[in-house]
Amino acid sequence: MTAEDTQATEAVQTAARAARAAAPSLAAAPDSAIDAALGAMAEALQAAAKTVLAANEEDMRAAADAGLPAGVRDRLRLDADRLKAMAGQLDILAKVEPEPAARKVRDLPGGLVLTERRRPVGVIGANFEARPNVVVDIASQLVKSRNAGVLRTGSAALRSATALADEVIAPALAAAGLDGAAVQLVRVPGQAAARALVREPKLIPLVILRGSGDSTRALAAEGAAHGVRTLAHADGGGVLYIHKSSERERASTLIATSLDRLGVCNRLNLLLLDQQLWDEWLPEITGQLAALGIKASLPPHDHPLGYEWALDSEREATVTIAPAAGPAEAAAIANDQTSGLAAGIAAADATAAQEFLAAYAGTGAFWNATTRLLDGFKLFEVPETGINLDAVPGPRGPVTFRDLSLRQLVVMPG
């Protein structure tokens with residue numbers, strides 16, 4: 001083990017032990033204290049805005065000096081409007097009704113009753129890219145679900161994340177009568193800290209891996225090797241199939257609204273155009289993309305159809321276009337050649353739309369709607385910790401506080 005690995009391991013273990021010691025204060029807290037903490041975070045974001053934005057300016061300068069791509073710097077940036085939006089989401093989350101702590105399942109023979117209870121996991125880890133707003137998103141979801149946490153972000157956002165942890169999250173928890181140490185931030189930069197996060201099954205049994213690409217896949221494999229369960233989202237990319245019945249104006253709107261941000265996983269990545277529209281519509285679509293500053297990758301392709309452009313910092317302003325013979329073939333392409341994150345159909349023909357929706361097996365399916373809606377706040381009006389694509393029982397799609405609990409079955413006399 002290198003000196004870097006040792007330092008990272010010690011930092012993660014120290015944070016995890018502190019979070020574990022603080023976890024009971026969240027588990028036993030009344031709903032009013034949990035929601036008060038979220039409200040206090042919203043207030044602290046405004047009160048500490050000067051400090052947080054100053055830290056973010058330092059991160060932005062360092063990112064520019066390091067030559068980080070524009071998309072990365074956009075995700076890194078905070079400003080007054082973004083802080084206001086973050087505070088608004090916290091206020092909304094504080095007003096969301098908590099999930100019931102228990103529910104009766106059924107009566108059992110002998111005068112017994114089966115009850116299902118929700119219990120916190122305890123300590124949940126989270127690793128995510130250099131996006132400061134995610135520090136608050138995930139912290140708020142952990143608090144709402146009564147879990148303590150250990151957060152690790154990309155090195156480029158470490159100053160901003162530290163300001164948010166110290167000036168917003170910890171003081172807000174303390175102000176609500178909760179233990180301010182419940183949400184910990186790993187302050188050691190570098191990938192060694194990410195690897196250390198998924199190697200502590202006793203201290204951090206579950207880790208949310210929010211990000212894309214090979215590094216997330218590698219962390220999920222590392223976690224599995226050490227007995228740590230992960231909710232991982234390594235690949236994305238939205239698909240839009242334009243059926244022959246689609247109205248041109250609607251299809252154009254869906255293309256535009258699916259490309260408002262290029263560095264996110266649920267943006268338009270692969271556009272499938274019905275073969276019967278190919279010759280007539282392709283010039284207009286490539287022209288629309290060009291006007292948006294986006295290059296069309298046309299057949300014959302020198303890359304897989306599902307290649308995720310958002311992960312390619314030099315070519316993220318690209319959309320793959322390919323033909324499809326009909327709804328069944330379009331769904332098959334989306335199933336077999338993409339990550340299975342999200343796919344939609346633009347169609348006026350309801351039968352064609354239902355054929356596509358029935359055949360597509362991915363996480364989110366859309367009819368005349370943009371795949372950009374596959375986001376926790378846009379779908380459920382609560383922030384998300386990430387998106388889970390696993391084809392196993394459990395939370396699938398945007399993961400929110402409602403998914404961060406364990407089921408306990410309790411049998412007792414009626």
Side-chain angles (χ1 to χ4, degrees), residues 71 74-75 85 89 212 233 235-274 277 281 284-297 305-311 316-322 324 327 330-331 333-335 337-350 352-384 386-389 396-400:
D74 174 63
R75 293 190 290 273
Q89 290 190 9
S212 299
H233 172 205
D235 300 284
V239 180
L240 173 63
Y241 164 54
I242 301 178
H243 183 253
K244 63 184 180 181
S245 70
S246 177
E247 301 166 351
R248 181 70 189 93
E249 183 178 353
R250 183 183 294 277
S252 177
T253 298
L254 287 174
I255 291 171
T257 55
S258 297
L259 293 167
D260 61 326
R261 294 185 65 189
L262 299 181
V264 294
C265 65
N266 52 24
R267 54 156 279 194
L268 174 58
N269 189 68
L270 170 61
L271 192 154
L272 299 173
L273 182 60
D274 194 279
L277 300 177
W281 283 33
E284 294 181 34
I285 289 174
T286 55
Q288 179 185 4
L289 292 175
L292 294 171
I294 295 170
K295 178 183 177 182
S297 174
L305 281 185
Y307 182 79
E308 190 175 355
W309 298 107
L311 301 182
E316 68 177 3
T318 308
V319 168
T320 300
I321 303 180
I333 292 172
N335 285 334
Q337 301 194 46
T338 77
S339 69
L341 174 74
I345 178 173
D349 184 336
Q354 292 298 340
E355 181 182 1
F356 177 87
L357 296 175
Y360 178 60
T363 301
F366 300 83
W367 174 15
N368 287 342
T370 173
T371 56
R372 288 281 286 119
L373 291 172
L374 193 73
D375 172 273
F377 198 80
K378 291 176 181 176
L379 287 183
F380 304 128
E381 286 194 315
V382 293
E384 65 184 35
I387 299 176
N388 183 37
L389 305 187
R396 196 165 185 231
V399 176
T400 73

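Below, each value reflects all heavy atoms present in this structure, side chains not excepted, and no hydrogens, waters or symmetry copies.
Ser339 places a side-chain N or O within 3.5 Å of a backbone atom of Gly236 that can act as its donor or acceptor partner. Although no hydrogens or angles enter the test, the distance criterion places no donor-acceptor pair under 3.5 Å between the side chain of Trp367 and the main chain of Gln354. Side chain of Ser245 to backbone of Asp349: a donor-acceptor contact under 3.5 angstrom is found.
Taking a 6.0 Å sphere around CD of Glu284, one finds it holds more than 12 heavy atoms contributed by other residues, nucleotides or ligands.
Between Asp274 and His243, some side-chain heavy-atom pair lies under the 4.5 Å cut-off. With contacts defined as side-chain heavy-atom distances shorter than 4.5 Å, the pair Thr371/Leu240 does not qualify. Contact annotation: the side chain of Trp309 approaches that of Ser297 to within less than 4.5 Å [non-hydrogen atoms, C-beta and beyond].
Rounding to the nearest 0.5 angstrom, the gap separating the CG atom in Leu272 from the OG1 atom in Thr338 is 9.0 Å. Between Leu273 atom CG and Ile242 atom CD1 the span is 5.5 Å, to the nearest 0.5 Å. Between the CG atom of Leu271 and the OG atom of Ser258 there is a distance of 9.0 Å, given to the nearest 0.5 Å. Rounding to the nearest 0.5 Å gives a distance of 9.5 Å between CD1 of Ile294 and CD of Glu316.
Of all the heavy atoms in Ala310 and Leu262, the pair that sits closest is CB-O, 3.4 Å. Nearest approach of Ile387 to Cys265, heavy atoms of both residues: CD1-SG, 4.1 Å. When all heavy atoms are compared, the tightest approach of Ile345 to Ala352 is CD1-O, 3.8 Å. Among all heavy-atom pairs drawn from Ala296 and Ile321, the shortest one is CB-CD1, 3.8 Å. Of all the heavy atoms in Ala369 and Leu254, the pair that sits closest is C-CD2, 3.5 Å. The two residues Tyr360 and Ala331 come nearest to each other via the heavy atoms N-CB, 3.8 Å.
Contacts classified as side-chain hydrogen bond (donor to acceptor under 3.5 Å, both in side chains) and involving residues 259-272 (residues at least two apart or in different chains) are given here: Asp260-Arg372, Asn266-Arg372.
Inspection of the Ser252 and Gln288 side chains reveals an N or O donor paired with an N or O acceptor under 3.5 Å.
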Listing, residues 373-380 side-chain donor-acceptor contacts under 3.5 Å, not counting sequence neighbours, or none:
| residue | atom | partner | partner atom | Å |
| --- | --- | --- | --- | --- |
| Asp375 | OD1 | Phe377 | N | 2.9 |
| Asp375 | OD1 | Lys378 | N | 3.1 |

